Student: 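Right, I'll just put the structure down here and ask away after.
What's counted below: heavy atoms across the whole structure, side chains too, no hydrogens, waters or symmetry copies. Just so you know, these numbers come straight off a predicted model, no measurement behind them. Chain letters run A, B, ... following the sequence lines, proteins first, then strands; residues in each count from 1.
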Number of protein chains: 2
Amino acid sequence: MGTTGQLATVPEPKYWHLRTVLLRAIETEFTTGQILPNERELSARFGVARATLRQALDQLELEGRLVRRRGIGTLIAAPRVGVPVNRHEEGWPGTARSQAWRIVDCTTAPATPRLAKALGVVEGATVHTVRRVRMVQGQNMATESLHVPAAVLPHLPGFRAESDRARSVLRQLERLEVDGESRSVELGVAEAGEAALLERPPGSPVLVMTTQYAAAGRLVAIAVSTYRADTCKLTFGETGLVEVTPVAASSEVRSAS
Amino acid sequence: MGTTGQLATVPEPKYWHLRTVLLRAIETEFTTGQILPNERELSARFGVARATLRQALDQLELEGRLVRRRGIGTLIAAPRVGVPVNRHEEGWPGTARSQAWRIVDCTTAPATPRLAKALGVVEGATVHTVRRVRMVQGQNMATESLHVPAAVLPHLPGFRAESDRARSVLRQLERLEVDGESRSVELGVAEAGEAALLERPPGSPVLVMTTQYAAAGRLVAIAVSTYRADTCKLTFGETGLVEVTPVAASSEVRSAS
DNA sequence: TAGTGGTCTAGACCACTAA
DNA sequence: TAGTGGTCTAGACCACTAC
């Protein structure tokens with residue numbers, strides 16, 4: 001029983017074959033920023049319905065190879081941007097606060113049951129939530145909701161302008177000497193609010209990173225970040241050791257064997 | 001200028017509204033493993049074309065909330081499995097080799113240009129490639145291609161059975177005392193070979209993790225792992241500090257604010 | 001105004017599963 | 001065999017962009 005069956009007798013779907021053909025064309029005949037022929041022409045050229053062609057384009061867009069702009073056309077996408085993910089890049093430790101993050105708003109409200117459970121506090125406990133947007137190369141790449149139980153920041157100054165309170169929360173958090181973080185990454189889709197901040201339509205694929213921050217062995221904050229999956233590649237440079245040579249796009253390496 | 005415009009005058013697409021309605025239903029009226037009404041009935045019930053309903057189901061499947069099985073029906077998916085990602089879990093260091101990985105095959109061939117560049121070796125240099133599959137909870141969750149330049153393993157025994165050579169490559173690599181790794185994660189789709197190993201159709205979304213392993217400040221191996229995005233949540237437990245309380249599914253926390 | 005991608009329809013047939 | 005999701009078609013209209 002061969003594992004795969006390379007010469008499968010089952011014909012592959014048209015849209016998958018189309019994707020392969022288009023991918024080869026993208027890699028050999030086009031360069032970043034170029035515009036593909038429009039969908040109606042492409043579907044005619046390949047002798048398929050427009051919906052079938054779009055299925056192939058959907059795949060390539062999910063892979064970050066194409067960008068489609070309404071009213072404009074379908075463009076060859078630039079390679080994904082490697083976005084460093086660590087406390088330094090997130091403007092956390094005593095270091096100078098990163099310029100990459102822009103504060104959107106800051107709310108203080110009782111924790112919903114789910115949030116309370118995630119933070120390990122009682123239901124209804126007051127929680128500060130700071131929303132930020134991360135810009136990379138002039139583009140909104142990620143949004144983040146940072147949740148901090150009020151009990152963790154006992155010395156937070158009183159009422160201020162929202163942006164001041166947000167900055168205060170971040171500053172106080174740094175003083176706790178966060179000494180550990182635990183992250184998880186999964187696939188999600190952008191909800192309305194996130195989609196607007198990321199300048200993408202609702203339903204766009206995102207990489208959802210959940211980070212637990214600990215200080216003195218105690219969970220002090222949770223950040224939920226959503227990164228644009230079309231243009232982002234999350235990089236976890238734990239120690240910054242390996243800098244020998246940049247790694248090619250993973251899909252290229254994958255097909256290289 | 002309100003950031004979002006909650007009461008947008010622009011009507012949201014039917015499929016997006018449908019997704020929201022179905023998501024609420026999934027969370028309140030159904031439990032894991034239950035079967036939804038079939039697509040033809042659902043589309044009739046909501047008064048839309050089947051294609052439109054399927055667009056909504058596509059979204060929910062991408063979010064890992066639904067699993068669709070041909071000939072069976074559409075099922076409520078189990079919550080995503082948190083898959084630990086670190087050298088211990090990958091069976092790397094001197095510790096007992098993980099039982100989670102099963103060796104598929106092992107090839108020794110000259111490096112393609114892309115692979116050579118990624119590994120920092122000259123084009124055509126001999127490279128060992130070990131393919132493995134990671135099982136979690138009785139399911140194939142990931143495939144991995146581990147590339148090691150032959151020059152890194154000078155004392156590799158001669159010809160053997162393929163599986164023996166694979167094990168030998170892994171063992172020799174461990175002896176190098178790998179002291180650093182650098183990872184990146186991005187969204188991809190399963191190609192034919194990966195799809196077969198993951199028991200998913202081609203084009204299924206995957207999380208592609210590229211890991212550079214360093215020993216003595218030198219890049220000694222690159223691993224390209226593809227994890228099923230529908231059922232996996234990658235967890236990076238750097239130090240295993242935070243164990244206060246499990247974090248709820250990120251989408252739940254996200255909507256909790 | 002012309003051209004683009006985005007949405008939606010109403011059907012058809014196929015591949016797979018289970019009884 | 002009946003029922004399911006997967007694929008594909010040929011069209012329609014809409015929202016957006018640029019000229």
Student: What residues form a salt bridge (charged side-chain N to carboxylate O under 4.0 Å, His left out) with A:R228, not counting sequence neighbours?
Tutor: A:D230
Student: For A:V21, give me all partners under side chain to side chain contact (heavy atoms under 4.5 Å, CB included), at least two apart in sequence or on another chain.
Tutor: A:H17, A:F46
Student: Considering only residues two or more places apart or on different chains, which pairs with a residue in residues 75-86 of chain A satisfy salt bridge (charged side-chain N to carboxylate O under 4.0 Å, His left out)?
Tutor: A:R80-B:E186
Student: Excluding sequence neighbours, so at least two apart, what forms side chain to side chain contact (heavy atoms under 4.5 Å, CB included) with A:R54?
Tutor: A:E39, A:R50, A:R68
Student: In whole angstroms, how far is the P atom of D:dA10 from the CG atom of A:L53?
Tutor: 14 Å
Student: Who are the side chain to side chain donor-acceptor pair (under 3.5 Å) partners of B:R45, not counting sequence neighbours?
Tutor: B:E41
Student: Among all residues two or more places apart in sequence or in another chain, which pass the side chain to side chain contact (heavy atoms under 4.5 Å, CB included) test with A:A166?
Tutor: A:I103, A:C106, A:V130
Student: Could you write out each protein N or O paired with an N or O of nucleotides 4-8 of chain C at a distance under 3.5 Å?
Tutor:
residue : atom : partner : partner atom : Å
C:dT4   : OP1  : A:N38   : ND2          : 2.6
C:dT4   : OP2  : A:N38   : ND2          : 3.2
C:dT4   : O2   : A:G71   : N            : 3.2
C:dG5   : OP1  : A:T74   : N            : 3.4
C:dG5   : OP1  : A:T74   : OG1          : 3.2
C:dG5   : OP2  : A:E39   : N            : 2.9
C:dG5   : N7   : A:R40   : NH1          : 3.1
C:dG5   : O6   : A:R40   : NH2          : 3.1
C:dG6   : OP2  : A:R54   : NH1          : 2.7
C:dG6   : OP2  : A:R54   : NH2          : 3.2
C:dG6   : N7   : A:R50   : NH2          : 2.8
C:dG6   : O6   : A:R50   : NH1          : 3.1
C:dT7   : OP1  : B:Y15   : OH           : 3.1
C:dC8   : OP1  : B:K14   : N            : 2.3
C:dC8   : OP2  : B:Y15   : N            : 3.3

Student: What orientation do B:F236 and A:F236 show, parallel under 30°, tilted 30 to 60°, or perpendicular over 60°?
Tutor: parallel
Student: With sequence neighbours excluded, tell me which residues meet side chain to side chain contact (heavy atoms under 4.5 Å, CB included) with B:E199.
Tutor: B:N140
Student: Does DNA chain D take part in any stems of at least 3 consecutive Watson-Crick or G-U pairs (both distances under 3.5 Å), and if so, which ones?
Tutor: C:1-18 with D:1-18
